[in-house]
Amino acid sequence: MSISNSFIIGLTGGIGSGKSAAAARFAEAHDIHVVDADIKSRVVVEPGRPALRQIVDRFGDAVLQADGSLNRAALRERVFQVADERRWLEQLLHPLIREEIVSDLASADSPYALLVSPLLVESGQYQMTRRVLVVDVPEALQIARTTARDQVPEEQVRAILQAQAQREDRLRHADDVITNDQDLAALHRQVDQLHQFYLALSTGAKP
């Protein structure tokens with residue numbers, strides 16, 4: 001299945017950056033087709049999927065919920081403690097997630113589509129996109145937002161930050177940047193401006 005004729009914007013940002021809020025604005029206010037790599041990562045490990053069986057074979061039943069679904073928190077705790085385990089998991093899941101992403105993007109019927117992924121740069125998913133949009137926020141604010149939202153220790157958030165692309169790496173890949181260090185209204189204004197810009201690009205009009 002091909003996505004070569006689609007105009008795809010890659011949206012990324014570190015944990016707690018607000019990329020989900022930005023994606024929601026594109027979808028809800030402007031009716032843009034959004035593909036969320038995090039959602040696809042859940043699909044490929046649903047009960048009955050081969051990937052879940054391989055994960056259980058490696059990590060044991062401790063990474064399962066009582067209903068047989070994946071305990072993502074338990075798995076995250078395991079893989080972020082051991083780099084080799086995280087790499088093994090990424091090698092298993094990234095190709096499967098990519099297949100799901102490509103299939104969904106190919107069905108987009110909006111003027112452009114949005115691929116939202118925290119690992120857009122690290123996984124190479126940015127190569128599927130025409131432009132990269134980074135939601136940027138200072139690290140201290142990322143940590144504060146994530147610990148408050150997820151009720152997790154600061155040390156765990158820092159481990160996740162270390163596993164993700166560094167802020168400078170993301171910005172180096174960026175064609176466009178949203179600075180999300182203010183309120184939701186400020187975020188929405190930046191999204192609305194970029195939407196008009198992307199519309200012009202995707203239709204061949206002069207931005």
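Checking side-chain atoms of Ser110 against main-chain N and O of His33 turns up a donor-acceptor pair under 3.5 Å. Judged by distance alone, the side chain of Ser17 and the main-chain N or O of Gly14 form a donor-acceptor pair under 3.5 Å. A distance-only check finds no donor-acceptor pair linking the side chain of Ser103 to the backbone of Glu99 [under 3.5 Å]. Counting only distance, with no hydrogens or angles, the side chain of Asp175 and the backbone of Val132 share a donor-acceptor pair below 3.5 Å.
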Check the pair His30, Tyr112 against side chain to side chain donor-acceptor pair (under 3.5 Å), reporting the backbone distance first and the verdict last.
CA-CA 11 Å; His30 305 296; Tyr112 62 93; over 6 Å; no

Set out, in order, the CA-CA distance, both residues' side-chain angles and the distance that settles side-chain contact (heavy atoms from CB on, under 4.5 Å) for Thr179 and Val177, then state yes or no.
CA-CA 6 Å; Thr179 302; Val177 177; 4.3 Å; yes

side-chain contact (heavy atoms from CB on, under 4.5 Å) between Thr12 and His173: does it pass, once the steps are laid out?
CA-CA 10 Å; Thr12 193; His173 282 83; over 6 Å; no

Apply side-chain contact (heavy atoms from CB on, under 4.5 Å) to Phe26 and Leu133, showing your working.
CA-CA 12 Å; Phe26 277 105; Leu133 168 59; 4.0 Å; yes

Would you check, one step at a time, whether the test side-chain contact (heavy atoms from CB on, under 4.5 Å) holds for Val35 with Glu100?
CA-CA 9 Å; Val35 178; Glu100 294 283 341; over 6 Å; no

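Summarising the geometry of Pro95 relative to Leu92, their closest heavy-atom pair is CD-O, 3.7 Å, with the distance given to 0.1 Å. Of all heavy-atom pairs between Asn180 and Gly18, the closest is ND2-CA, 3.6 Å. Ala174 and Val134 get closest at one heavy-atom pair: CB-CG2, 3.6 Å. Thr129 approaches Leu115 most closely through the heavy-atom pair CG2-CD2, 4.3 Å. Considering every non-hydrogen atom in both Leu93 and Ala51, the closest pair reads CD2-CB, 4.0 Å. When all heavy atoms of Ile32 and His195 are compared, the pair lying nearest together is CD1-CE1, 3.9 Å.
The structure places NE2 of His94 at 9.0 Å from CD1 of Ile101, a figure rounded to the nearest 0.5 Å. The distance from the CD atom of Gln91 to the CG atom of Leu96 is 12.5 Å, given to the nearest 0.5 Å. Note that OG of Ser41 and CD of Glu90 are 11.5 Å apart. Values are rounded to the nearest 0.5 Å. Put simply, CD1 on Ile55 and CH2 on Trp88 are 6.0 Å apart, with the number rounded to the nearest 0.5 Å. Taking CD of Gln196 as the reference point, atom CG of Leu201 lies at 11.5 Å (rounded to 0.5 Å). Between the CZ atom of Arg76 and the CG atom of Leu89 there is a distance of 12.0 Å, given to the nearest 0.5 Å.
Between Arg58 and Glu85 a salt bridge is recorded (basic side-chain N to carboxylate O distance below 4.0 Å). Remark: Asp136 does not engage Arg170 in a salt bridge, criterion side-chain N to carboxylate O under 4.0 Å. With respect to Asp57 and Arg53, a salt bridge is recorded, a charged nitrogen being found less than 4.0 Å from a carboxylate O. Using a 4.0 Å cut-off between charged nitrogen and carboxylate oxygen, Arg42 and Glu46 do not count as a salt-bridge pair.
In the hydrophobic clustering of ILVMFWY residues, with side-chain heavy atoms under 4.5 Å counting as a link, Leu64 and Val43 come out apart. Hydrophobic clustering (side-chain heavy atoms under 4.5 Å, transitive across Ile, Leu, Val, Met, Phe, Trp, Tyr) groups Ile178 together with Phe197. Taken together through direct or relayed side-chain contacts under 4.5 Å among Ile, Leu, Val, Met, Phe, Trp and Tyr, Val34 and Leu184 form part of one hydrophobic cluster.
Asp38 has its side chain within reach of Pro118: a pair of non-hydrogen atoms, C-beta onward, lies under 4.5 Å apart. Counting heavy atoms from C-beta outward, Leu70 and Leu52 have side chains that approach closer than 4.5 Å. Residues Asp176 and Arg131 form a side-chain contact, since some pair of their non-hydrogen atoms from C-beta on lies under 4.5 Å apart. Considering only heavy atoms from C-beta on, Arg87 stays 4.5 Å or farther from Val79 through its side chain. Taking 4.5 Å as the limit, every side-chain heavy atom of Arg78 sits out of range of all side-chain heavy atoms of Arg86. Under the 4.5 Å side-chain criterion, counting only non-hydrogen atoms from C-beta, Phe7 is not in contact with Thr203.
When Asp192, Leu194, Leu187 are each tested for a side chain to side chain contact (heavy atoms under 4.5 Å, CB included) with Arg25, only one passes: Asp192.
A side-chain donor-acceptor contact under 3.5 Å links Ser69 and Asp67.
By the 6.0 Å contact criterion, CG on Asp181 is enclosed, its count of non-hydrogen atoms from other residues, nucleotides or ligands being greater than 12.
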